[in-house]
Amino acid sequence: MRYQRPKGTADILPGDSEKWQYVEETARQVFKTYQFKEIRTPLFENFEVFSRSAGDTSDIVTKEMYDFHDKGDRHITLRPEGTAGVVRAFVENKLYGPQVLKPYKVYYMGPMYRYERPQSGRLREFHQLGVEAFGSESAALDVEVIAMGYNLLNKFGLADLKLVINTLGDQQTRDDYRQALIDYLEPHFEELSDDSKERLHKNPLRVLDSKAPEDQKFVEAAPSILDYLSDDAKTHFEQTKTYLEALEIPYEIDATMVRGLDYYNHTIFEIMTNSRALGQGYTTICAGGRYNGLVKELGGPEVSGVGFGLGVERLLVLMDAEGVEVPMDNQLDVYVVGIGDTASATTLKLAQALRTAGFTAERDYLDRKPKAQFKSADRLNARYTMTVGEAEIEGQVVNLKEMATGNETQVAMADVYKNAKQVIK
RNA sequence: GCGGUAUUGGCGAAGUGGUUAACGCACCGGAUUGUGGUUCCGGCACGCGUGGGUUCGAUUCCCACAUACCGCCCCA
């Protein structure tokens, strides 16, 4: 085998592509009911768009970016996530302007790129569905975004979902908490894992996310960010909880939950599932939160945002594992069987007429015998076969067979051409 | 970036340092001439991921590389 696809990429073939279409269509439907509109942004952006937004110390920027210099020596990055590009577009197109209705609500779906070691449901080219809403600081918008994600996953037939929320507060909260965390961890510095030693000063919140056993006991006893919330941050979080309760969406609070991207503040959330398909215990399928400083960070005014991203490959792995039935339209209306060398033009015309009338139709292109053609018709799940040989051409009729019953009737060719809908029910 | 396992026909899968690489599915052909889903018969890898090496001889042993999967890191 000479060529193979690049590491960490996948071909999505018929049989699977239907599932993708189902996921995308369902998402579009749901997003529409919440009045989110589609936005399409480039697959690549200037490197700085991502390095500024994700944070220079984040793993995404430091080791997972697919970046290169193009022929004009521009530093280009294949987008590793959706939010930064959308925010860039929001700023560049001045969508914060007074003439644009607020909040400005958009969704996107498409490929993302991360230079990672591939695993099940984790590819280098992967796909995300995501939404972003700009221009309102109301916790009601946080909850709308969460509810929409939750709803969507429900629509996909996933049970056993768990919503986990936390707050990272505002800048004041973060500064205070960061200091408290450093003060708490500093005396134990030598006992921490090597990774966490590294994290402590760069991004101490990430220590909370450590899975290293030697860190666990410190994480457990660590001060909680919930005790450091400013009044504003507290109010926002309380409202978020109130609204979630109003919608009767069950949730848990995990005060140690953090995010891989630095731009989040206030509400962050993950929708998790207990399916074993993605490994042991609960794993995250949909994650997001609020990012109030990001628009400004990318050169816009002080406009807030909130959104989520959802990994399509992971979703499909889950749906498969949970036995979710994707509706597939595998019916063929008519298979036109041609017998003998002279029938080809006629079967072509018949198939064409049926298709024009809106039916699905197929015929043989390999000069195979009737028996083989009937076999194909069967494989294709044909409702009818329409047989044409010399005798039929002679009489200008076709032999119509209903496959389920085996009943055969003769129909005038002219009727197929003119009133296909009368012939095929 | 680190560690482990794997790689045999379109697919699933057995197998051995030596001469014809099981079996199943799928596919193709046939069982009297123009009709399907069952059955029967026949066909279907000059080749065992790629490149080196060891050996009289390797698909089977060794090395490198590639890819996949699992774990770590991280995350969707």
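Below, chains carry the letters A, B, ... as their sequence lines are ordered, and counting in each starts from 1. Only this structure's heavy atoms are used, side chains among them; waters, hydrogens and symmetry mates stay out.
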(message) Under the rule for salt bridge (charged side-chain N to carboxylate O under 4.0 Å, His left out), what residues qualify as partners of Arg28(A), not counting sequence neighbours?
(response) Glu38(A)
(request) Within residues 396-414 of chain A, find the residues that approach RNA chain B with a heavy atom at under 4.0 Å, and present them sorted by residue number. (result) Asn399(A), Lys401(A), Met403(A), Gly406(A), Glu408(A)
Please tabulate the protein-to-nucleotide N/O contacts below 3.5 Å involving nucleotides 4-7 of chain B, giving atom names and distances.
none

Close N or O pairs between protein and nucleotides 39-41 of chain B (under 3.5 Å):
none

(message) Counting Watson-Crick and G-U wobble pairs with both distances under 3.5 Å, what is the dot-bracket string for RNA chain B, 5' to 3', using [ ] for crossing pairs and | for pairs to another strand?
(response) ((((((((.[[[..)..(....]]].(((((.......))))).....[[[[[..)....]]]]])))))))....
(message) Under the rule for salt bridge (charged side-chain N to carboxylate O under 4.0 Å, His left out), what residues qualify as partners of Glu137(A), not counting sequence neighbours?
(response) none
(request) Could you identify which residues of residues 360-369 of chain A place a heavy atom less than 4.0 Å from some atom of RNA chain B, listed by residue number, or say none? (result) Arg368(A), Lys369(A)
(request) Go through the structure and list residues passing side chain to side chain contact (heavy atoms under 4.5 Å, CB included) with Asn46(A), not counting sequence neighbours. (result) Glu48(A), Val49(A), Ile76(A)
(request) Under the side chain to side chain contact (heavy atoms under 4.5 Å, CB included) rule, collect the residues that match up with Leu380(A), sequence neighbours excluded. (result) Leu332(A), Tyr335(A), Glu362(A)
(message) Please list all pairs meeting salt bridge (Lys or Arg N to Asp or Glu O under 4.0 Å) that have one or both residues in residues 287-296 of chain A, counting only residues at least two apart or in different chains.
(response) Asp142(A)-Arg290(A), Lys296(A)-Glu302(A)
(message) I'd like to check the side chain to side chain contact (heavy atoms under 4.5 Å, CB included) partners of Asn381(A); sequence neighbours left out, ordered by chain and number.
(response) Gln331(A)
(message) Which residues in residues 16-33 of chain A have a heavy atom closer than 4.0 Å to any atom of RNA chain B?
(response) none
